[in-house]
Novice: 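First the structure, which I've put down as structure tokens, then a few questions once you've had a look.
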Amino acid sequence: MHIDLKEVTPKGLHLSRNINLALPPSIEEVDVINPCFVELKLTPIGTKYRIIGSIRLKLKLQCSRCSESYPFDLFSDFDLLYLPIEKMTSEVELELKDKDANIAYYSEDRIELLELLQEQVLLALPMKPICSEECKGLCLSCGTNLNISSCNCKSVSIDPRLEKLKKIKELFNK
Ligand SMILES: [Zn+2]
Ligand SMILES: [Zn+2]
């Protein structure tokens, strides 16, 4: 999946469609539920191309507390400026107004759309996915999923330092 820049007219192009996206195999704990919806506008600026767009998709993530998978709706906006790869070594040439933009590079008159989208999805993933704020996670002793059932393990023993503090408090309260 790529955009052939030789076919882009000065007016640019607009793309709005469903696509099938796969993430790199190294991202094991994330499943994409296809199709994904992509909308973008590409505008040529000399040899540069600005791409403004968004991607919307459904994922299956793995909860970091209880390790169950759960559905996740992801929406990501992006605004990128593509420069020809030859410019990579001469970034000084970047105009001031370009400096804040997210810079990407293209070569051989093509922009790899798949790479762009994969990257945007990865950037938008939660660092610590949780199925719900209330997720109770797994019991540290026996591994029971505490959202589904309970176990007979005694709750984690109190830190001895806290225990001491508790005694002192009790003394004061007398
Ligand atoms: Zn969970
Ligand atoms: Zn337990």
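Numbers for residues simply follow the sequence, beginning at 1. First listed ligand is number 1; within each ligand, the first listed atom is number 1. Atoms considered below: every heavy atom in the structure, side chains included; atoms not considered: hydrogens, waters and symmetry mates.
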Novice: Does Asp73 pair with Lys58 as a salt bridge, N-O distance under 4.0 Å?
Specialist: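 Yes.
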Novice: Quick check for you: with the Zn ion (ligand 1) as the vertex, what angle do SG of Cys135 and SG of Cys63 span, to 10°?
Specialist: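 If I round to 10°, I get 110°.
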Novice: Honestly curious: do Val121 and Leu114 fall in one hydrophobic cluster under the side-chain, below-4.5 Å linking rule?
Specialist: yes
Novice: How are the rings of Tyr106 and Tyr82 set to each other: parallel, tilted or perpendicular (split at 30° and 60°)?
Specialist: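 Tilted.
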Novice: Which angle, to 10 degrees, forms at the Zn ion (ligand 2) with SG of Cys139 on one side and SG of Cys151 on the other?
Specialist: 110°
Novice: With the Zn ion (ligand 2) at the centre, find the angle made by SG from Cys153 and SG from Cys142, to 10°.
Specialist: 110°
Novice: Closer than 3.5 angstrom, by distance alone: can the side chain of Ser64 be matched with the main-chain N or O of Pro129 as a donor-acceptor pair?
Specialist: yes
